[in-house]
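Here's the structure, in structure tokens; my notes come after.
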Amino acid sequence: MNREEITSRLKALLKKQSQLKADVDAIQEEMKIDQLGFDSISILDFMYDVEDHFKVQTEVADLVKMEKVRDLIDYIAGKTAA
Amino acid sequence: MKKLWHLMEFGLAKVVLGIIAVAPPGFTLAFAESVGWLVFHLLPGRAKIATDNIRAAGIVRGEPELRRLGCRCFQSLTRMVAETVITRNRIRPDNWQNYVTIDAPPETFAQLKDTSRGAIIASGHLGNWDVAARALSMLRPVSVIYRPFNNPYLDREINSERGGTNLHLISKYKTNPMRFMKLLADGDCLALMIDQHISEAGERVRVNFFGRPCWATRSVAMMHMTTRLPLFVAVAARTGRLKFTAHLAGPIRWERTGNREADVLGITQAMTDEIEKIARRYPEQYLWGHRRWRE
């Protein structure tokens with residue numbers, strides 16, 4: 001899976017769980033994750049979706065270091081390439 | 001007007017807390033139970049919620065016994081407030097076991113004490129949950145997620161009584177969605193109550209409690225599945241004057257089945273069953289006055 005595909009799928013998952021009013025194309029890589037409209041439960045559902053969809057296992061210590069959407073894309077790209 | 005009312009409540013609370021801090025514990029505890037008795041008899045609507053819940057749970061029969069148990073649970077709650085204030089400066093790392101006994105297999109307790117990774121604790125409104133959290137905070141950092149009081153002055157004051165060096169209270173309404181994950185990543189023990197009604201549709205799961213369906217938070221189950229951190233159920237019952245037993249079960253380590261909502265239900269029901277088991281053992285210490293079973 002290339003980075004572009006990861007980005008596209010991730011944005012769709014973000015849109016589903018973050019309750020963003022904006023169109024999925026409005027989600028930019030430089031946007032901060034904690035400004036995407038998540039609450040403390042929907043962020044957990046989102047993380048679950050990421051693991052389920054990309055077939056990766058995330059670590060909470062890694063997740064809390066991620067600030068932007070780009071960080072998450074890079075993380076998934078690293079996990080799926082492994 | 002609202003601010004004035006809040007300030008009056010705050011003033012009254014300061015007076016009460018000040019008295020509790022200096023009065024002999026025996027007097028304070030007896031006074032607290034008297035207040036609970038009064039509240040039960042002066043608030044018939046709330047008393048009815050308790051007796052209706054107890055009746056539906058099938059724990060006791062007959063109106064006199066229902067009212068006796070209902071009154072006892074109110075007294076348990078007011079006593080809990082007094083106990084929390086009294087023990088706040090008494091419980092220390094070198095003496096917490098004089099107050100709290102752990103009822104758990106040694107390996108379960110050893111895993112709970114393991115500070116190399118975070119842990120999640122689900123608890124219920126029985127006995128004295130604050131003292132249990134304080135005792136645990138003698139072993140590792142504990143963050144308790146709570147629902148703030150509507151009165152901000154009271155909230156700040158009560159939390160200064162409930163918190164401690166290693167014991168932090170975190171409002172469930174704080175806006176950073178990653179805050180709980182950060183605490184767990186730092187190795188904290190995150191404690192949440194799971195036996196309150198949840199109104200928000202996306203945040204709840206339907207479980208059975210005392211044979212009747214009710215809504216519970218799905219957050220603990222989701223937290224466990226996402227972080228894979230050990231999940232414990234802990235409930236602290238009062239066993240004497242300023243003596244408590246913390247009943248500890250777990251850790252739950254749920255393997256995902258691929259069906260998220262079935263897993264959420266399975267985990268949450270397992271935790272709820274554990275709390276019910278302890279509440280059946282100490283029914284007079286359970287918070288029956290909460291409207292738990294709602295549509």
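Labels below follow one simple rule: chain letters A, B, ... track the order of the sequence lines, proteins then strands, and each chain is numbered from 1.
Looking at B/R228, only its side chain comes within 4.5 Å of chain A, counting heavy atoms on both sides. For A/L63, the parts lying near chain B are the backbone and the side chain together; criterion is any non-hydrogen pair under 4.5 Å.
Between B/R206 and B/E295 there is a salt bridge, with a side-chain nitrogen of the basic residue lying less than 4.0 Å from a carboxylate oxygen of the acidic one. Residues B/E203 and B/K172 are not paired through a salt bridge, judged by the lack of any N-O separation under 4.0 Å between the basic side chain and the carboxylate. A salt bridge is absent between B/R204 and B/E200: the closest approach of a Lys/Arg side-chain nitrogen to an acidic carboxylate oxygen does not fall below 4.0 angstrom.
In terms of non-hydrogen atom pairs under 4.5 Å with chain B, the most contact-rich of A/T58, A/D52, A/V60 is A/V60. The residue among B/R117, B/M225, B/R256 with the most heavy atom pairs within less than 4.5 Å of chain A is B/R256. Chain B forms more heavy-atom pairs under 4.5 Å with one residue of A/I33, A/D62, A/L44 than with any other, namely A/L44.
The aromatic rings of B/H6 and B/Y153 sit perpendicular, their planes meeting at an angle over 60°, well past the 30° parallel limit.
The aromatic ring centroids of B/W288 and B/F210 lie less than 6.0 Å from each other.
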